[in-house]
Asks: 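Below you'll find the structure I mean.
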Amino acid sequence: MFHDNYDIVVIGGGHAGCEAALASSRMGCRTLLLNLNLGNTALMPCNPSIGGPAKGHLVREISALGGEQARAADASTLMIRWLNTSKGVAVRALRAQCDIKAYAAYYTRLLQTQENLDVHQDEAVELLLSGSRVSGVRTRHGSTYEAHAVVLCSGVYAGGVAHVGSVAFPSGPMGQAPANAFFESLPSLGIRTDRMRTDTTPRLNFDTIDLSETRRQISEDAPLAFDIWGEKRVHSTDDFACYFSHTTPETHAIVAANIHRSPLVTGEIETLGPRYCPSIEDKFLKFPDRDSHPIVFEPFARTNGSTKEVYVQNFSTGLPYDVQVALVRSLPGCKNAKIVKPGYAIEYVYLSPDQLSPTLENKTIKGFFCAGQVNGTSGYEEAAAQGLLAGINAALEVKEKEQVVLRRSDGYLGVLVDDLTTKNTNEPYRMLTSRCEHRLLLRHDNADRRLSPIGRRVGLIGDGRWETLTRRWERADEEIQRLRTTRLAPSQEVNRALEKEGAEPLSEHTTLAAMLRRKNVTYRLLKSLSPPDCPLDEDEVFHTETELRYAGYIEKEERTASRMKDMDNVLIPEGFDYDGIKGMLTESRQKLSRFRPRSLGQALRISGVTPADVQLLAVAIKARH
Ligand SMILES: Cc1cc2nc3c(=O)[nH]c(=O)nc-3n(C[C@H](O)[C@H](O)[C@H](O)COP(=O)(O)OP(=O)(O)OC[C@H]3O[C@@H](n4cnc5c(N)ncnc54)[C@H](O)[C@@H]3O)c2cc1C
């Protein structure tokens, strides 16, 4: 039988696996990426888009850490827009519609040309152990690959069962084959698994939709890019747009008449699906009073590009195929629309993420890392971000260096991993801005300041990019300092300019920073009154304005975050015996023994563990030292 040696084996070539393999190989570890089917590399089995609120923040953080998803999105963008601009600086985020083939091709090319990385089509069927540590992987072809670390990024392929009405069949996403063997062996290794569900929409043929009955939405005309170092581009609106429509009373009548045929109602599906992305039948059951829901037709490529397939956003369903046809035809513009692929619900197996430490390594099997949908998350961005972190930490494990743990105040990725490891999840976990308590600290515009020093330290950000960043930071910092120290006198010229913009005139000497906090005063106006030595680019202007306008709030959040950081810095010794702590509630003791938190901060965030018991724990840790 074939045998080979690697530092790291990554299982899966989806969004998580691509990032994990690229990170570990770039950090100098000999890496093998195994994928069931190399044709599905970086497949988007759902909507052809990257980003959006919270997800866009994750993409920017991936870029800041030295990952690739932002560049894959930029390389395949068909249309890009800012979202949430009226809801505040913290939550505004980019969202791009992508050409799904170009997105996959970008990753495929990188994987195939990356030094230290081999890519191979085969199915991992068994995790090999030596005592309580990983020693490699066995594959369907009978090959064994020895490795110091294994990163599992196998998505929704394990135990996959697709449902279209009463028709149920074993399947991975989008008609891919399922892969069960690897997971079947996990319970015997003491690893807990569970099942959950997700759904997707029917895909239509673009040419069969009457667009005159829809509302067209095009790209923003400003140059935009996800990648921190990327070239910002304006995207052509001639041959790509999305089209808004809505469900009608007829749609709702069809759901009502057929809801008894939904596998959710017949009891064939018992697993929980994505709360924030409900199927049309879920919406019908949960919001019976609504008679219309918005939907969006999102093409997978340009008008004359590689495919005519169109995704129907907000229209996922597991209803029978004949009902899907009727539902689609009830939508404005779809009287003659043809379904290319039916929608379906898919149930699958995932690993309970409370078994992971915040490095994404399994707490009991050393060297076994897990990332992506296999941890119970949903979304390309959530998967890619975890893959990057797991790849970095697997490489650090191989090099016997301290692993990266991100705190909640470091980034959305820190929040995501902390939520998974301290709260577990029994329904697909999606990143939301509301999950973050430090939103004002975790902005799109400062992802590089928060995370690039980590990317640099682990070796994913080279000299050139690092210099570009530090020059940008210096420029913006100097300008912030200048605005804080430069005072303007209340001259006629200044007050005329202020009044022209609808701002209050000055009555005394005032710093530019204080002026910026006034209504209708912008950096552009201040720049005209007091030009800087070195002009800032658009991103630097946004950063400067935000830091100064919200300085008071930012400082307040920093103080709160710093208190939690102190708690996160008190580490709980490995194998700590909670039974020895007198006076602790049984629930706290059980939860702490099960989750085995890494720090006091993590212990505090486990639901059911009281602050009083965390105090007892703090005393016990101190006493044992
Ligand atoms: C039907 C459906 C609807 C969805 N809807 C949404 C949505 O509305 N919004 C959203 O954000 N996200 C949605 N998602 C989720 C999103 O597609 C996933 O979260 C994301 O693709 C997960 O990325 P991943 O890398 O973890 O796994 P995947 O992209 O699933 O990749 C897994 C990879 O592992 C490989 N693999 C599996 N087992 C093995 C093995 N044993 N050996 C070797 N290779 C293996 C597979 O070939 C594949 O390459 C949906 C997914 C599905 C399936």
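All residue numbers in this chain count up from 1 along the given sequence. A quick note: this is a predicted structure, and the numbers were derived from the prediction, not measured. One-based numbering, in listed order, for ligands and for the atoms of each. The figures that follow rest on heavy atoms only: side chains count, while hydrogens, waters and symmetry mates do not.
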Asks: Name the closest protein heavy atom to atom 36 (N) of ligand 1, giving the residue it belongs to and the distance to 0.1 Å.
Replies: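 Answer, as residue, atom name and distance: Leu36 CG, 3.9 Å.
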Asks: More than 12 heavy atoms of other residues, nucleotides or ligands under 6.0 Å from CZ of Arg275: is that the case?
Replies: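 Counting neighbours around CZ of Arg275, 12 or fewer heavy atoms of other residues, nucleotides or ligands fall under 6.0 Å, so no.
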Asks: How far is atom 34 (O) of ligand 1 from its nearest protein heavy atom, and which residue and atom name does that atom have?
Replies: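 The closest one turns out to be Gly12 CA, 3.1 Å.
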Asks: I need the nearest protein heavy-atom contact for atom 21 (O) of ligand 1: residue, atom name and distance, please.
Replies: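 The protein heavy atom lying closest is His15 CD2, 3.4 Å.
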Asks: Looking only at protein heavy atoms, which one is nearest to atom 16 (C) of ligand 1, and what is the separation?
Replies: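 Protein heavy atom at minimum distance: Gln373 OE1, 3.5 Å.
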Asks: What is the closest protein heavy atom to atom 52 (C) of ligand 1, and at what distance does it sit?
Replies: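 Of every protein heavy atom, Thr198 CG2, 3.6 Å lies nearest to atom 52 (C) of ligand 1.
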Asks: How long is the span from the CZ atom in Phe315 to the CD1 atom in Ile280, to the nearest 0.5 Å?
Replies: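 Between atom CZ of Phe315 and atom CD1 of Ile280 there are 5.5 Å.
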Asks: Considering non-hydrogen atoms of the protein only, which is the closest contact for atom 53 (C) of ligand 1, and what is the distance?
Replies: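 Minimum-distance protein heavy atom for atom 53 (C) of ligand 1 reads Pro173 CB, 3.4 Å.
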Asks: Do Ile295 and Thr201 touch side chain to side chain, with heavy atoms closer than 4.5 Å?
Replies: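 No, side chains not in contact.
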Asks: Please confirm whether Lys55 approaches ligand 1 to less than 4.0 Å, judged on its heavy atoms.
Replies: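 Flag set, Lys55 near ligand 1.
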Asks: Can you list the atoms of ligand 1 that are under 4.0 Å from a heavy atom of Val156?
Replies: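 The atoms of ligand 1 under 4.0 Å from a heavy atom of Val156 are 30 (O), 53 (C).
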Asks: I need the nearest protein heavy-atom contact for atom 28 (P) of ligand 1: residue, atom name and distance, please.
Replies: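 For atom 28 (P) of ligand 1, the nearest protein heavy atom is Gly155 CA, 4.0 Å.
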Asks: Strictly by side-chain hydrogen bond (donor to acceptor under 3.5 Å, both in side chains), give each pair with a member in residues 172-185 just once, sequence neighbours left out.
Replies: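 Residue pairs with at least one partner in residues 172-185: Asn37-Gln176, Asn40-Gln176.
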Asks: List the atom pairs, with distances to 0.1 Å, where a side-chain N or O of residues 44-53 and a protein N or O form a donor-acceptor pair under 3.5 Å, not counting sequence neighbours.
Replies:
from, atom 1, to, atom 2, distance (Å)
Asn47, ND2, Ser49, OG, 3.2
Ser49, OG, Arg95, NH2, 3.0

Asks: Minimum heavy-atom separation for Phe226 to Arg60, with atom names?
Replies: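 Closest pair (atom of Phe226, atom of Arg60, distance): O-NH1, 2.8 Å.
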Asks: Look at atom 50 (C) of ligand 1 and say which protein heavy atom is nearest, naming residue and atom and giving the distance to 0.1 Å.
Replies: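 Result: Cys46 CB, 3.8 Å.
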Asks: Does ligand 1 have a heavy atom under 4.0 Å from the side chain of Met174, from its backbone, from both, or from neither?
Replies: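 Contact part for Met174 vs ligand 1: neither.
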